[in-house]
Amino acid sequence: MKRHVRLLALAAAMINGFANAQVSVSDAWVRATVPQQKATGAFLKLQAAQDSKLVAATSPLTPVVEVHEMAMQDNVMKMRQVPSIALPAGKTVELKPGGYHVMLLDLKQQVQEGQTVPLTLIIEGKDGKRESVQVEAPVRPLATKAAPSGHDHKH
(Lines give C-alpha, C1' and ligand atoms only; values in the text may rest on other atoms or scores of the structure.)
Protein backbone atom coordinates (compact mmCIF):
# COMPACT_ATOMS: atom_id res chain seq x y z
CA MET A 1 0.00 0.00 0.00
CA LYS A 2 2.85 2.40 0.82
CA ARG A 3 4.29 1.78 -2.63
CA HIS A 4 1.02 2.88 -4.26
CA VAL A 5 0.94 6.02 -2.13
CA ARG A 6 4.53 6.83 -3.11
CA LEU A 7 3.76 6.25 -6.79
CA LEU A 8 0.74 8.54 -6.57
CA ALA A 9 2.84 11.21 -4.84
CA LEU A 10 5.52 10.86 -7.54
CA ALA A 11 2.91 11.13 -10.29
CA ALA A 12 1.43 14.24 -8.66
CA ALA A 13 4.89 15.80 -8.40
CA MET A 14 5.54 15.04 -12.08
CA ILE A 15 2.25 16.62 -13.07
CA ASN A 16 3.09 19.70 -11.00
CA GLY A 17 6.52 19.76 -12.65
CA PHE A 18 4.94 19.87 -16.08
CA ALA A 19 2.72 22.73 -14.96
CA ASN A 20 5.88 24.62 -13.98
CA ALA A 21 6.95 24.92 -17.63
CA GLN A 22 4.89 28.12 -17.48
CA VAL A 23 3.27 28.58 -20.85
CA SER A 24 0.60 31.22 -20.53
CA VAL A 25 -2.31 31.62 -22.91
CA SER A 26 -4.29 34.81 -23.42
CA ASP A 27 -6.95 36.19 -25.78
CA ALA A 28 -8.00 32.71 -26.96
CA TRP A 29 -11.00 32.55 -29.29
CA VAL A 30 -12.55 30.44 -32.06
CA ARG A 31 -14.28 31.82 -35.13
CA ALA A 32 -17.98 30.89 -35.47
CA THR A 33 -19.12 28.90 -38.51
CA VAL A 34 -22.13 28.81 -40.77
CA PRO A 35 -24.26 25.64 -41.04
CA GLN A 36 -22.48 22.83 -42.92
CA GLN A 37 -19.07 24.54 -42.63
CA LYS A 38 -16.47 21.84 -41.92
CA ALA A 39 -13.57 23.90 -40.54
CA THR A 40 -12.75 26.90 -38.39
CA GLY A 41 -9.76 28.49 -36.74
CA ALA A 42 -8.66 29.00 -33.16
CA PHE A 43 -6.54 32.01 -32.33
CA LEU A 44 -4.61 32.99 -29.18
CA LYS A 45 -1.46 34.44 -27.70
CA LEU A 46 1.20 32.21 -26.14
CA GLN A 47 4.10 33.14 -23.94
CA ALA A 48 6.60 30.59 -22.65
CA ALA A 49 9.03 31.09 -19.78
CA GLN A 50 11.56 28.85 -21.57
CA ASP A 51 12.24 28.22 -25.26
CA SER A 52 9.66 25.70 -26.42
CA LYS A 53 7.27 25.05 -29.28
CA LEU A 54 3.62 24.34 -29.95
CA VAL A 55 3.63 20.90 -31.59
CA ALA A 56 -0.04 19.88 -31.61
CA ALA A 57 -3.52 20.58 -30.34
CA THR A 58 -6.64 18.54 -29.65
CA SER A 59 -10.29 19.28 -28.97
CA PRO A 60 -13.30 17.14 -28.07
CA LEU A 61 -15.16 19.16 -30.73
CA THR A 62 -13.43 17.22 -33.52
CA PRO A 63 -10.81 14.49 -33.86
CA VAL A 64 -8.91 16.50 -36.51
CA VAL A 65 -6.98 19.48 -35.13
CA GLU A 66 -3.87 20.82 -36.86
CA VAL A 67 -1.36 23.60 -36.36
CA HIS A 68 -1.37 25.77 -39.51
CA GLU A 69 0.29 28.74 -41.13
CA MET A 70 -1.29 31.08 -43.63
CA ALA A 71 1.17 33.07 -45.74
CA MET A 72 1.45 34.89 -49.05
CA GLN A 73 3.27 32.95 -51.76
CA ASP A 74 3.51 34.40 -55.29
CA ASN A 75 0.68 36.85 -54.45
CA VAL A 76 -1.56 33.95 -53.40
CA MET A 77 -2.64 33.29 -49.81
CA LYS A 78 -1.72 29.68 -48.97
CA MET A 79 -2.53 27.67 -45.89
CA ARG A 80 -0.49 24.67 -44.79
CA GLN A 81 -0.01 22.44 -41.79
CA VAL A 82 3.25 23.04 -39.92
CA PRO A 83 5.07 20.63 -37.57
CA SER A 84 5.45 23.26 -34.84
CA ILE A 85 5.48 26.94 -33.93
CA ALA A 86 8.50 28.25 -32.04
CA LEU A 87 7.81 29.88 -28.67
CA PRO A 88 10.95 31.87 -27.77
CA ALA A 89 11.39 32.42 -24.03
CA GLY A 90 9.63 35.52 -22.75
CA LYS A 91 8.20 36.57 -26.12
CA THR A 92 4.52 36.63 -26.97
CA VAL A 93 3.65 34.62 -30.07
CA GLU A 94 0.28 35.50 -31.54
CA LEU A 95 -1.74 32.95 -33.47
CA LYS A 96 -4.06 35.14 -35.54
CA PRO A 97 -6.09 35.24 -38.74
CA GLY A 98 -3.73 35.48 -41.71
CA GLY A 99 -0.82 33.89 -39.82
CA TYR A 100 -0.24 30.95 -37.54
CA HIS A 101 -3.42 29.40 -36.11
CA VAL A 102 -5.00 26.15 -34.96
CA MET A 103 -7.41 24.55 -37.44
CA LEU A 104 -10.42 22.55 -36.26
CA LEU A 105 -11.28 20.32 -39.22
CA ASP A 106 -14.03 17.84 -40.10
CA LEU A 107 -16.58 19.60 -37.90
CA LYS A 108 -19.76 17.61 -37.29
CA GLN A 109 -21.77 20.59 -36.03
CA GLN A 110 -21.95 24.34 -36.36
CA VAL A 111 -19.78 26.36 -33.98
CA GLN A 112 -21.91 29.24 -32.72
CA GLU A 113 -21.17 32.57 -31.08
CA GLY A 114 -21.51 32.32 -27.30
CA GLN A 115 -20.23 28.74 -27.10
CA THR A 116 -16.88 27.81 -25.60
CA VAL A 117 -14.50 25.39 -27.32
CA PRO A 118 -12.14 23.35 -25.14
CA LEU A 119 -8.63 23.00 -26.57
CA THR A 120 -5.58 21.14 -25.34
CA LEU A 121 -2.31 22.58 -26.58
CA ILE A 122 0.72 20.28 -26.63
CA ILE A 123 3.91 22.21 -25.85
CA GLU A 124 7.37 20.67 -26.21
CA GLY A 125 10.36 22.05 -24.32
CA LYS A 126 13.97 22.12 -25.55
CA ASP A 127 14.51 18.93 -23.55
CA GLY A 128 11.82 17.13 -25.60
CA LYS A 129 9.41 16.88 -22.67
CA ARG A 130 5.82 17.65 -23.51
CA GLU A 131 3.12 19.31 -21.47
CA SER A 132 -0.57 19.87 -22.04
CA VAL A 133 -2.14 23.28 -21.59
CA GLN A 134 -5.93 23.41 -21.26
CA VAL A 135 -7.73 26.34 -22.89
CA GLU A 136 -11.39 27.34 -22.95
CA ALA A 137 -11.81 29.49 -26.08
CA PRO A 138 -15.00 31.53 -26.50
CA VAL A 139 -16.57 31.54 -29.94
CA ARG A 140 -16.68 34.94 -31.63
CA PRO A 141 -18.77 36.06 -34.61
CA LEU A 142 -17.80 34.91 -38.09
CA ALA A 143 -16.73 38.42 -39.09
CA THR A 144 -14.15 38.72 -36.27
CA LYS A 145 -10.72 39.51 -37.71
CA ALA A 146 -8.55 39.89 -34.62
CA ALA A 147 -8.55 40.20 -30.86
CA PRO A 148 -10.70 43.05 -29.54
CA SER A 149 -7.67 44.86 -28.17
CA GLY A 150 -8.03 47.56 -30.80
CA HIS A 151 -4.69 46.79 -32.40
CA ASP A 152 -4.60 46.39 -36.17
CA HIS A 153 -2.67 43.21 -36.97
CA LYS A 154 -2.71 43.53 -40.77
CA HIS A 155 0.59 43.41 -42.63
Side-chain angles (χ1 to χ4, degrees), residues 15 17-155:
I15 289 169
F18 286 127
N20 288 334
Q22 298 174 344
V23 174
S24 64
V25 178
S26 61
D27 298 329
W29 62 282
V30 171
R31 182 173 283 148
T33 63
V34 297
Q36 312 325 284
Q37 185 176 335
K38 297 296 181 188
T40 192
F43 311 96
L44 46 102
K45 294 177 184 174
L46 296 168
Q47 187 172 40
Q50 302 171 359
D51 286 344
S52 53
K53 57 188 174 181
L54 172 65
V55 295
T58 63
S59 176
L61 185 65
T62 179
V64 185
V65 181
E66 298 177 351
V67 178
H68 275 218
E69 176 185 31
M70 188 172 269
M72 289 297 289
Q73 183 178 20
D74 298 325
N75 291 328
V76 176
M77 187 67 83
K78 301 230 178 195
M79 186 170 52
R80 66 182 178 97
Q81 184 176 7
V82 294
S84 64
I85 298 172
L87 304 174
K91 297 193 178 186
T92 299
V93 175
E94 185 174 8
L95 280 62
K96 61 185 178 181
Y100 288 117
H101 57 279
V102 174
M103 283 298 298
L104 303 162
L105 303 166
D106 197 23
L107 296 172
K108 304 292 187 227
Q109 63 191 35
Q110 182 178 3
V111 180
Q112 298 179 359
E113 181 180 358
Q115 294 177 322
T116 300
V117 176
L119 299 167
T120 301
L121 306 177
I122 310 301
I123 309 294
E124 185 176 292
K126 284 193 320 187
D127 58 3
K129 290 183 181 175
R130 291 186 173 192
E131 75 168 289
S132 298
V133 177
Q134 304 301 318
V135 178
E136 294 291 326
V139 178
R140 293 192 185 157
L142 190 58
T144 303
K145 293 183 181 166
S149 62
H151 293 96
D152 185 4
H153 297 289
K154 294 179 183 173
H155 295 288

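Hydrogens, waters and symmetry mates are skipped; everything else that's a heavy atom, side chains included, is used.
A distance of 6.0 Å separates NE2 of His101 from CZ of Phe43, quoted to the nearest 0.5 Å. In this structure, CG on Asp127 lies 10.0 Å from OG on Ser52, to the nearest 0.5 angstrom. Atoms CG and CG, on Leu44 and Leu121 in that order, are 6.0 Å from each other to the nearest 0.5 Å. Residue Ser24 holds its OG atom at 11.0 Å from NZ of Lys45, rounded to the nearest 0.5 Å. Here the straight-line distance linking atom CD of Glu131 with atom CD1 of Ile122 works out to 9.0 Å at 0.5 Å rounding.
A donor-acceptor distance shorter than 3.5 angstrom exists from the side chain of Ser59 to the backbone of Pro118, with no hydrogens or angles considered. Using modelled atom types, one side-chain atom of Thr40 and one backbone atom of Arg31 make a donor-acceptor pair closer than 3.5 Å.
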- For the pair Thr116 and Glu136, evaluate side-chain hydrogen bond (donor to acceptor under 3.5 Å, both in side chains) and give the outcome as yes or no after the intermediate values. CA-CA 6 Å; Thr116 300; Glu136 294 291 326; 5.2 Å; no
- Item | Residues Leu46, Thr92; criterion side-chain contact (heavy atoms from CB on, under 4.5 Å); working and verdict | CA-CA 6 Å; Leu46 296 168; Thr92 299; over 6 Å; no
- Would Val65 and Val102 count as a side-chain contact (heavy atoms from CB on, under 4.5 Å) if you check the C-alpha gap in whole Å, the side-chain angles of each, and the deciding distance to 0.1 Å? CA-CA 7 Å; Val65 181; Val102 174; 3.4 Å; yes
- Query: side-chain contact (heavy atoms from CB on, under 4.5 Å) between Ser132 and Arg130: does it pass, once the steps are laid out?
  - Reply: CA-CA 7 Å; Ser132 298; Arg130 291 186 173 192; over 6 Å; no
- Query: Given Ile123 and Leu54, is the side-chain contact (heavy atoms from CB on, under 4.5 Å) satisfied, shown in steps?
  - Reply: CA-CA 5 Å; Ile123 309 294; Leu54 172 65; 3.9 Å; yes
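Closest heavy-atom contact between Leu104 and Leu107: O-CG, 4.0 Å. Across all their heavy atoms, Ala137 and Leu119 have their closest contact at CB-CD1, 4.2 Å. The two residues Ala39 and Leu105 come nearest to each other via the heavy atoms CB-CD2, 3.7 Å.
Side-chain contact, Gln110 with Thr33: no donor N or O sits under 3.5 Å from an acceptor N or O.
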Give every donor-acceptor pair under 3.5 Å between a side-chain atom in residues 70-90 and any protein atom, sequence neighbours left out.
unit_1 : atom_1 : unit_2 : atom_2 : d
Arg80  : NE     : Glu69  : OE1    : 3.4
Arg80  : NH2    : Glu69  : OE1    : 2.7

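When side chains are defined from C-beta on, Val55 does not count as touching Val67, because their heavy atoms never get closer than 4.5 Å. Side-chain atoms of Val111 and Gln109, non-hydrogen and from C-beta on, never get closer than 4.5 Å to each other.
Every residue was checked against the side chain to side chain donor-acceptor pair (under 3.5 Å) condition with Gln115, not counting sequence neighbours, and none meets it.
Residue Lys38 qualifies as enclosed at atom NZ: its count of foreign heavy atoms under 6.0 Å is above 12. No more than 12 heavy atoms of other residues, nucleotides or ligands shown are found within 6.0 angstrom of CD on Gln36.
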